[in-house]
Amino acid sequence: MSWKKRLSVLSAAALLTVFTLSGCGSSNDAASGTASTGTTASSGKGLTGDFEVQYFVGGYGDAWWKKVVEEFQTANPDLKIKVSAGPKINDQMKPRWIGGNPPDFVYIDGAGLNARQMIEDGQLEDLTEWYKTAKTVDGDLISESLTQAPEDYSGKTYNIPLALSSWGIFWDKKLFADNNWKAPTDFDSFVAVSKEIKAKGITPFIHTGIYPYYINNSILYPAMVSANNDDFSILQKIAANDPEAFKSPAVMTALNQIVTMRDDGIIDPAAVQLNHTDSQMLFLQHKDAFIANGLWMPNEMSKDVPEGFDFGFMPSITQKPGGKSIAVTSTATVGVAAKAKNKEAAYAFIQFIFAKKQASQWAELSGAPSNIKGDISASNAPAFVKQAAEYLNSKDTIVVPTITFNADVEKAMNDATVALTIGTIDPNGWIERVSAAAQKAAN
Amino acid sequence: MTSRHWQRNVFILTFILPTLILYCLFMVYPIIQALYYSLFDWSGSSENKDFIGLKNFVDLMHDPIMWQAIGNDYFLVAGKMIGIMLLATFFAVSLTRFRLKFALFFRSIFFIPNIISVVVIGVLWAFIYNPQIGFLNSILSLITGTEVKTAWLGFPFHTIWMLLPPSIWAGIGFYMILLIAAIQGIPESYYEASSLEGAGQWHQFTHITLPLIWEQIKVSVLNIMMTTLNGSFVIVMIMTNGGPDNSTQVMGSYLYQMAFQQFHFGYGAAIGVVILIMSLITTVALQRIMRQETVEMN
């Protein structure tokens with residue numbers, strides 16, 4: 001081979017290396033972005049500088065976010081807003097959070113972000129003092145504009161709930177009417193109607209066994225609150241990793257309700273191996289009469305809902321006769337990064353998005369209730385969203401505020417509940433296992 | 001002479017360097033990083049990491065889920081090795097030595113699972129196993145005449161057995177093609193000569209085919225072991241998410257669970273290091289077990 005030829009081979013190999021490496025480098029650009037130091041004006045209007053918003057795009061979509069960011073931009077024409085959004089944004093932005101270069105504002109939703117973990121990691125700004133007096137752009141106190149108050153972290157506030165949904169039990173009103181079954185109002189009536197359903201050859205109840213937090217949030221936690229005289233502090237104690245919480249008789253009562261459901265053949269044996277989509281499909285096909293799920297489910301399955309299917313919903317079925325319903329809420333929150341470069345813009349943005357008109361706008365564009373108080377009855381929001389909003393504002397419902405468990409304790413509860421539903425452990429085994437996990441997390 | 005020598009070195013480096021750089025960047029560097037992170041108590045999202053030495057490894061030793069995961073991993077390794085190698089060898093021999101009519105057609109059919117994504121295979125088999133609307137229960141109901149509603153992926157114990165059929169089904173094609181190529185490389189005259197001496201198909205298989213494709217079998221077994229230890233987490237995540245109650249957890253899925261869902265990145269990195277060490281030990285052990293004098297064709 002001549003020297004010239006060798007040189008061409010060398011050049012080609014070098015080029016190949018450069019291209020490959022430059023390709024790798026450029027793939028990170030989308031996630032890393034730029035967030036230069038921002039300077040802002042002191043007033044709420046006319047903010048300047050750079051301002052970066054991070055939001056996850058999931059079940060609620062991004063139509064509302066696009067709209068509200070556009071409105072905020074119009075209100076602050078000199079502010080340079082950068083949006084970092086998408087279904088994978090939590091993972092994409094992780095290197096920036098770790099590297100101390102986070103966005104200014106973050107919407108905490110979807111896999112990969114856990115508010116409690118972010119607080120433990122010192123990533124979220126302490127909003128306690130600001131929140132006490134912060135007002136929306138309408139001039140109302142934010143604290144008075146919310147249906148659900150922010151989660152309390154040892155007396156401190158770090159994140160504010162924006163989206164509000166509830167866990168509970170669904171059934172098809174039409175199926176029940178056709179069979180003269182009565183919708184349950186408490187645990188006794190639930191067990192009674194389940195037996196009637198079973199006699200008709202339909203399995204009474206299905207849940208999402210692969211993700212046991214569905215049954216925990218819809219059955220177990222409401223049952224604990226009901227058995228604790230409607231006092232949800234028991235869940236807060238669990239969230240605080242207090243092993244004593246599991247010694248409460250309310251925990252045993254709640255676990256025994258699941259045992260009753262298991263032993264009476266109410267729980268579909270298929271549930272243990274099903275994910276949310278599969279279990280929801282079986283429910284829509286009337287293979288199962290009840291399903292443990294969240295209020296987003298009708299919207300999630302809208303393309304598969306058979307004609308005439310009429311969703312009935314109740315936040316809980318584990319209360320005693322005459323007892324109040326317990327709604328374990330599911331919220332997605334917003335916060336300010338502790339290392340935000342434009343905190344003023346982030347605060348102003350929060351004041352902007354909690355304005356009263358956003359209640360209807362969120363419900364319409366996201367297909368779910370928001371945490372902002374406001375009458376959405378005249379809006380174009382789906383009917384079930386309006387119903388749900390009514391439920392959450394009802395005086396006959398105990399609405400459990402956002403409670404984030406330690407990830408290890410939550411996993412232990414999920415695993416133990418699934419083991420309980422298939423009979424590999426008893427309630428004492430559940431308590432023993434989860435107490436140990438809480439003890440470990442507390443140390 | 002020196003100039004020629006230098007030119008030769010440059011020429012060799014031209015070919016080695018790009019691959020070496022990429023290998024270091026995407027293999028060596030991540031391994032070193034994993035080793036480094038395994039020594040820290042780190043959530044994976046915090047700026048701060050606490051150096052804890054080997055504590056993650058000590059905790060791993062006392063973690064019952066980790067032992068369950070290791071057991072499941074080696075169960076899958078053993079099950080896949082036996083299942084895939086037996087079936088792949090059987091099909092390879094059948095399609096080459098038995099002169100079947102539709103050999104090409106069957107070869108394509110058996111290879112199809114290899115061009116399907118593992119995710120699709122997982123979803124497909126989850127449907128087959130679905131207790132209410134699944135194919136398996138429907139067939140069994142038809143045969144037995146009674147309604148079968150077995151939750152195939154929800155047994156209190158031994159659910160990991162149910163992950164073997166999809167894993168074996170997905171793996172046969174590739175190894176079958178590998179063995180077919182090896183068998184086709186064996187001169188026909190060997191078989192003709194042995195036939196004249198009165199050797200039957202089984203005798204030919206054990207005395208001609210098997211010794212001459214042993215290198216390919218060895219490579220296949222090692223490859224099955226390595227891909228299982230490193231990759232079985234995909235099928236676990238899709239079909240069972242490690243459940244019920246961690247009974248189908250493998251090291252890879254447990255790594256993902258701890259590092260990305262329970263925010264123990266350091267612990268997850270330690271699991272990764274254990275996977276690496278176990279893969280190395282198993283590779284060496286298997287190579288020793290399968291060591292056999294090389295039979296060469298003249």
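The figures that follow rest on heavy atoms only: side chains count, while hydrogens, waters and symmetry mates do not. Below, chains carry the letters A, B, ... as their sequence lines are ordered, and counting in each starts from 1.
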- Task: Search all heavy atoms of B:L54 against all heavy atoms of B:L39 and return the closest pair with its distance.
- Result: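 Closest heavy-atom pair between B:L54 and B:L39: CD2-CD2, 3.9 Å.
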
Quiz item: Shortest non-hydrogen contact from A:A115 to A:N159?
Solution: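 A:A115 and A:N159 have their closest heavy atoms at CB-ND2, 3.4 Å.
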
- Message: Under a 4.5 Å cutoff for heavy-atom pairs, which residue among A:L274, A:N406, A:N114 has the most contacts with chain B?
- Response: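 Among A:L274, A:N406, A:N114, the one with the most close pairs to chain B is A:N114.
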
- Message: I need the residue from A:T203, A:I98, A:V272 with the largest number of non-hydrogen atom pairs under 4.5 Å to chain B.
- Response: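 It is A:I98.
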
Between B:W161 and B:F75, is the ring centroid distance below 6.0 Å?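 Yes, the ring of B:W161 comes within the 6.0 Å limit of the ring of B:F75, centre to centre.
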
query = A:F290 and A:F205: aromatic ring centres closer than 6.0 Å?
reply =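 No.
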
Counting only heavy atoms closer than 4.5 Å, note whether [X] contacts chain B via side chain, backbone, both or neither.
| X | answer |
| --- | --- |
| A:R433 | side chain |
| A:K287 | both |
| A:N414 | neither |
| A:I210 | both |
| A:T421 | neither |
| A:D408 | both |

| field | Ring geometry between A:Y211 and A:Y213 (parallel below 30°, tilted from 30 to 60°, perpendicular above 60°) | value |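 Rings of A:Y213 and A:Y211: tilted, as their planes differ by 30° to 60°.
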
Taking the inter-plane angle between the rings of B:Y254 and B:Y267 on a 0 to 90° scale, is it parallel (under 30°), tilted (30 to 60°) or perpendicular (over 60°)?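 Ring orientation of B:Y254 relative to B:Y267: perpendicular.
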
Review point. Given A:E410 and A:N216, is the side-chain hydrogen bond (donor to acceptor under 3.5 Å, both in side chains) satisfied, shown in steps?
Key: CA-CA 10 Å; A:E410 188 173 17; A:N216 276 351; over 6 Å; no

Problem - Portion of B:Y129 that has a non-hydrogen atom of chain A nearer than 4.5 angstrom - result: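 Contact with chain A involves both backbone and side-chain atoms of B:Y129.
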
Interchain contact, B:Q261 with chain A, by part (heavy-atom threshold 4.5 Å):
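Interface part for B:Q261: backbone (N, CA, C, O).
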
Does a side chain donor of either B:Q249 or B:Q257 reach within less than 3.5 Å of an acceptor in the other side chain?
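Distance-only check fails for B:Q249 and B:Q257.
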
* Looking at B:P244, B:A151, B:P156, B:S45, which makes the most heavy-atom pairs under 4.5 Å with chain A? ->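 The residue among B:P244, B:A151, B:P156, B:S45 with the greatest pair count is B:S45.
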
So which residue, B:N48, B:I133, B:T159, B:T150, ends up with the most heavy-atom pairs under 4.5 Å with chain A?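 Most pairs with chain A among the choices: B:I133.
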
